[in-house]
Amino acid sequence: MLNPSSIPLHWAHRLSFLSRRQLSEIFRAAGYAVSAEEWAVLIYLWQQEERGSENAAQTGPADIADHTIRDRTTVTRLLDGMEKKGWVTRVLHPQDRRRFQVGLTDKGRDLRTALIPLARTHMAKAFAGLDQHELEVANKVLRHMVENLMSPEKGAF
């Protein structure tokens, strides 16, 4: 019989689920109604702005979907909610009226200073008792597993 507790993906899934749930609860307790999915979108948009206005100006729902590993319908729904909350704006793409670009509002940018310290506290709890080498190995292993799953050539049955 298959024992889930002996499979690293079982633990990765549990970690992801638990981390997302607790992070949302931490945000809510601090007065911020931000879901884990919205958090992932915000992080991506903040990173795009850090990389320069050209990157931020080119950000579309497909880019967000690819980066957050969500389908486009889910991203559209997330963006609808985030736009209603005043965190993002969507404007038509200047060269293609069938597409639009996503940008942060001042309110969306301001969330960064409030949410990142909360997230860091959450990560510190998760990382408690692990030394730097263990964290580096965990990062390397998890990254490698993600790359395997994203590559059609690797791990074929």
Side-chain angles (χ1 to χ4, degrees), residues 7-93 98-128 130 134-152 154-155:
I7 302 169
L9 290 176
H10 166 78
W11 294 108
H13 173 74
R14 287 182 61 88
L15 175 62
S16 174
F17 181 80
L18 187 59
S19 179
R20 290 173 44 218
R21 185 177 71 194
Q22 287 185 0
L23 190 60
S24 292
E25 290 170 358
I26 290 166
F27 290 159
R28 195 174 311 111
Y32 300 96
V34 179
S35 70
E37 292 77 14
E38 291 169 331
W39 168 247
V41 172
L42 287 169
I43 289 173
Y44 179 68
L45 293 173
W46 294 330
Q47 288 173 337
Q48 291 303 102
E49 281 197 348
E50 277 181 1
R51 292 182 180 140
S53 59
E54 184 177 308
N55 286 328
Q58 300 300 320
T59 303
D63 302 314
I64 295 168
D66 291 344
H67 182 77
T68 61
I69 312 175
R70 299 276 185 262
D71 62 74
R72 292 179 186 183
T73 302
T74 300
V75 168
T76 297
R77 181 182 49 77
L78 282 169
L79 292 173
D80 288 345
M82 293 173 77
E83 192 171 32
K84 285 178 186 171
K85 292 177 180 180
W87 301 342
V88 299
T89 60
R90 292 184 279 191
V91 295
L92 284 175
H93 191 282
R98 296 167 296 170
R99 298 183 343 184
F100 59 91
Q101 297 165 320
V102 180
L104 288 163
T105 64
D106 288 339
K107 191 173 179 180
R109 282 182 202 92
D110 291 345
L111 283 172
R112 182 179 183 150
T113 57
L115 297 181
I116 286 181
L118 296 170
R120 286 194 175 157
T121 300
H122 174 63
M123 287 186 287
K125 179 181 177 184
F127 300 160
L130 300 172
E134 290 170 315
L135 290 173
E136 289 169 7
V137 169
N139 233 0
K140 182 179 178 180
V141 169
L142 292 170
R143 182 183 306 254
H144 190 101
M145 291 169 67
V146 167
E147 289 168 0
N148 285 347
L149 292 176
M150 294 191 74
S151 172
K154 291 186 177 181

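When all heavy atoms are compared, the tightest approach of K107 to G86 is CB-O, 3.4 Å. Nearest approach of V75 to P61, heavy atoms of both residues: CG1-O, 3.8 Å. Scanning both residues, F27 and V34, for their nearest heavy atoms gives CD1-O, 3.5 Å. Closest approach of S35 and L78 over heavy atoms only: OG-CD2, 4.5 Å. Contact detail for T59 and I64: the closest heavy-atom pair is CG2-CG1, 3.9 Å.
Between M145 atom CE and L9 atom CG the span is 4.0 Å, to the nearest 0.5 Å.
Judged as a salt bridge (charged side-chain N to carboxylate O under 4.0 Å, His left out), the pairs with a partner in residues 78-92 (not counting sequence neighbours) are, in order, E38-K85, D80-R90, E83-R90. A salt bridge (charged side-chain N to carboxylate O under 4.0 Å, His left out) check over residues 63-72, counting only residues at least two apart or in different chains, returns the pairs E37-R70.
Checked against ring-ring contact (aromatic ring centres under 6.0 Å, His included), W46 has the following partners two or more places apart in sequence or in another chain: W39.
Side chain of T68 to main chain of V41: no donor-acceptor pair is present (N/O by atom type, distance under 3.5 Å, no hydrogens or angles). Checking side-chain atoms of S19 against main-chain N and O of S16 turns up no donor-acceptor pair under 3.5 Å.
Within 6.0 Å of OH on Y44 lie more than 12 heavy atoms contributed by other residues, nucleotides or ligands. Crowding of H10 atom NE2: a count of heavy atoms from other residues, nucleotides or ligands under 6.0 Å exceeding 12.
Side-chain contact between V141 and V137: present, with at least one pair of heavy atoms (C-beta onward) separated by less than 4.5 Å.
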